[in-house]
Amino acid sequence: MKKYLSLVLIMLMILVVTACSSEKKLYVLNVGDYIDKTLVDAFEEEYNCKVIYTEVNSNEEIYQKLKNEVYDICVVSDYMIDRMQKEGLIINLFEEHEFENYDFDDLLPNAKVFLNDQCSTYMDYFIPYFWGTMGILYNTDVEGLEEYITSFDTLEAIYTNNEYNKGMYNAPRDSIAMALMVLGLDINSDKEEDLRAASDLIKSVTYRAWGDDNLKEMVHQGMLDMALVYSGDYLDEYYQCEIDDDEINFYYYAPDKTNIWVDGMVITSISKNKELAFEFLEYFTEEENQAQNSDYIGYCPLSELAYNILFASEDDGGYDYDMEEEFFIPYKEERKIFKYVSDEHYNMLNDLLEESKSK
């Protein structure tokens, strides 16, 4: 009897292991806290699969991980999509799949203008995820600060005047590129004299903190008067204050002349499960899911259908957003996108930023 029970247990274990090993797996790589995990869970249940979801801190980390590991899907920014497409790391999505939930014609009018104008060379290699700007998050309790920041038509306030406590985004592409724009230069310039001028501008200011996601909290807590951040950082902190019933003592300024960015979902050339990867893209481009994901993240979707759900009343099944369109929709003609230039350019940005920080 004992032998029989042991045999039964062994057979059951074999069945369980076999079932687990045969379960479809999808490997997804993204930056931290940049997806609604409940949607990932729902996708797993609907498609009877397991999503192996990995988070890192930057586009550059995603790029490096792809050199050594196999992933099916990545969420990356415009310049990295540009680079990956040029290096053959991602596939042309529309050559291999006919999308049911994504149609370029369903995007916001300004989004279509923007993508056609600034992303045309790699537009078929990604599905738009979110878009936004870079700007200055500032503490509204500091008297006269708002008037000072908004008196410029660029982000000059963060690059001049040591009177205020300032935080700078600790990323070479962002900090140096915005300095280039303040100087009236091309944000994608690879000229050494331009990049050194931007570095010198950064050196002229004393920054109390070099950071990333923590900068928004430091402004809210009064540790910083202002900081260079992404538009979503303002929204993240705003929503957190609402949840905590905390005072909202900060605001965000994005001038006409700043960076406009777009992030996208891509499928890698080494994907081992492209069929399931396309299902994942279909799932996250379904308008209700886009709206839910946008509500969780705080960024603006490029889909007009998802956008309308966010602004529809709760009675009409929407999220009842009350937000200025000029702030939420980032497009303005003078706002420029980051582009991938070369490895030499990127290395120079890194070197100059380290030099600027160690002045």
Side-chain angles (χ1 to χ4, degrees), residues 15-102 119 122-131 212-213 232 261-286 288-290 292-294 296-297 299 301-302 340:
L15 287 172
V16 170
V17 171
T18 303
C20 291
S21 63
S22 63
E23 184 181 39
K24 294 179 294 184
K25 293 182 175 65
L26 189 71
Y27 291 83
V28 178
L29 187 55
N30 197 356
V31 294
D33 199 26
Y34 202 31
I35 201 167
D36 185 340
K37 296 287 183 58
T38 65
L39 287 171
V40 176
D41 294 341
F43 175 81
E44 289 179 320
E45 184 175 350
E46 181 171 336
Y47 288 90
N48 189 29
C49 68
K50 178 64 178 176
V51 175
I52 314 300
Y53 187 81
T54 303
E55 293 182 345
V56 294
N57 294 318
S58 68
N59 285 278
E60 284 68 32
E61 285 188 58
I62 289 176
Y63 176 79
Q64 290 302 323
K65 287 185 80 68
L66 282 182
K67 293 293 186 178
N68 304 302
E69 302 171 36
V70 176
Y71 289 91
D72 300 291
I73 292 173
C74 302
V75 180
V76 284
S77 298
D78 35 53
Y79 71 91
M80 187 56 70
I81 300 171
D82 186 14
R83 180 178 190 175
M84 288 178 168
Q85 183 265 327
K86 288 175 179 175
E87 296 183 7
L89 298 178
I90 54 179
I91 66 171
N92 185 317
L93 301 174
F94 300 91
E95 286 184 351
E96 300 195 27
H97 184 77
E98 186 174 340
F99 284 90
E100 296 180 8
N101 293 330
Y102 174 75
C119 306
Y122 52 89
M123 199 156 58
D124 289 341
Y125 289 79
F126 74 102
I127 294 294
Y129 194 60
F130 294 117
W131 60 337
D212 38 58
D213 288 346
W261 55 263
V262 60
D263 291 341
M265 295 181 287
V266 301
I267 296 178
T268 68
S269 302
I270 56 174
S271 169
K272 294 185 179 300
N273 201 341
K274 287 183 183 178
E275 182 178 350
L276 188 59
F278 277 115
E279 294 292 359
F280 190 87
L281 266 56
E282 289 279 16
Y283 191 82
F284 275 85
T285 49
E286 195 280 321
E288 295 282 352
N289 292 339
Q290 280 195 69
Q292 179 180 328
N293 201 32
S294 180
Y296 174 83
I297 300 298
Y299 279 127
L302 285 79
Y340 171 68

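For the numbers below, each heavy atom of this structure counts, side chains included, while hydrogens, waters and symmetry mates do not.
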Practice problem: Would you check, one step at a time, whether the test side chain to side chain donor-acceptor pair (under 3.5 Å) holds for Tyr125 with Glu95? | Solution: CA-CA 10 Å; Tyr125 289 79; Glu95 286 184 351; 5.9 Å; no
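- At least one donor-acceptor pair closer than 3.5 Å links the side chain of Asp72 to the backbone N or O of Lys272.
- Looking at residues two or more places apart in sequence or on another chain, you find no side-chain hydrogen bond (donor to acceptor under 3.5 Å, both in side chains) involving Tyr122.
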Exercise. With side chain to side chain contact (heavy atoms under 4.5 Å, CB included) as the test, would you mind laying out the steps for Leu93 and Asp124 before giving the verdict?
Key: CA-CA 6 Å; Leu93 301 174; Asp124 289 341; over 6 Å; no
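- For Glu61, the salt bridge (charged side-chain N to carboxylate O under 4.0 Å, His left out) test picks out no residue, with sequence neighbours left out.
- When the side-chain hydrogen bond (donor to acceptor under 3.5 Å, both in side chains) test is applied to Gln85, no partner is found at least two apart in sequence or on another chain.
- Contacts of Glu288 classified as salt bridge (charged side-chain N to carboxylate O under 4.0 Å, His left out), with partners at least two apart in sequence or in another chain: none.
- In summary, the side chains of Tyr102 and Gln290 do not present any donor paired with an acceptor at a separation below 3.5 Å, with no hydrogens or angles considered.
- No side-chain heavy atom of Val262 sits under 4.5 Å from any side-chain heavy atom of Ser77.
- Looking at heavy atoms from C-beta onward, Met80 lies out of side-chain contact with Tyr340 at the 4.5 angstrom threshold.
- Residues that satisfy the ring pair (Phe, Tyr, Trp, His ring centres under 6.0 Å) test with Phe280, not counting sequence neighbours, are Phe43, Phe284.
- Not counting sequence neighbours, the partners of Lys65 by the side-chain contact (heavy atoms from CB on, under 4.5 Å) test are Leu29, Thr54, Val56, Glu69, Tyr71.
- Of all non-hydrogen atoms in Trp131 and Pro301, the two that sit nearest each other are NE1-O, 3.6 Å.
- A donor-acceptor pair under 3.5 Å is formed between the side chain of Asn289 and the backbone N or O of Tyr283.
- Contact annotation: the side chain of Ile90 approaches that of Ile81 to within less than 4.5 Å [non-hydrogen atoms, C-beta and beyond].
- With a 4.5 Å cut-off on side-chain heavy atoms, Asn59 and Tyr79 count as touching.
- Residues Ile267 and Phe278 meet the side-chain proximity criterion, which asks for heavy atoms closer than 4.5 Å.
- Between Cys74 and Leu66 there is a side-chain heavy-atom pair separated by less than 4.5 Å.
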Quiz item: Taking it one step at a time, do Tyr47 and Leu276 satisfy side chain to side chain contact (heavy atoms under 4.5 Å, CB included)?
Solution: CA-CA 8 Å; Tyr47 288 90; Leu276 188 59; 4.2 Å; yes
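- In terms of the side-chain hydrogen bond (donor to acceptor under 3.5 Å, both in side chains) criterion, Asp78 has no residue partners (sequence neighbours excluded).
- Looking at residues two or more places apart in sequence or on another chain, you find a side-chain contact (heavy atoms from CB on, under 4.5 Å) between Asp33 and Tyr296.
- Atom CD of Glu45 has 12 or fewer heavy atoms from other residues, nucleotides or ligands within 6.0 Å.
- Side-chain contact between Ser294 and Phe130 is present, with heavy atoms from C-beta onward closer than 4.5 Å.
- Note: Glu275 CD to Leu26 CG = 11.5 Å, rounded to the nearest 0.5 Å.
- For the pair Thr268 (side chain) and Ser271 (backbone), a donor-acceptor distance under 3.5 Å is present.
- Distance OG/Ser58 to OH/Tyr63: 13.0 Å, rounded to 0.5 Å.
- In this view, Glu55 and Lys37 satisfy the salt bridge (charged side-chain N to carboxylate O under 4.0 Å, His left out) rule, not counting sequence neighbours.
- Tyr129 OH to Met265 CE: the interatomic distance, rounded to the nearest 0.5 Å, is 7.0 Å.
- Residues meeting the side-chain contact (heavy atoms from CB on, under 4.5 Å) test with Val31, sequence neighbours left out: Tyr34, Ile62.
- We find the CD-CZ distance between Glu282 and Phe99 to be 6.0 Å, quoted to the nearest 0.5 Å.
- Under the salt bridge (charged side-chain N to carboxylate O under 4.0 Å, His left out) criterion, Asp263 pairs with no residue, sequence neighbours left out.
- Looking at residues two or more places apart in sequence or on another chain, you find a side-chain contact (heavy atoms from CB on, under 4.5 Å) between Lys50 and Glu23, Lys25, Glu44, Ile52.
- With 3.5 Å as the limit, one finds no donor-acceptor pair spanning the side chains of Asn101 and Thr285.
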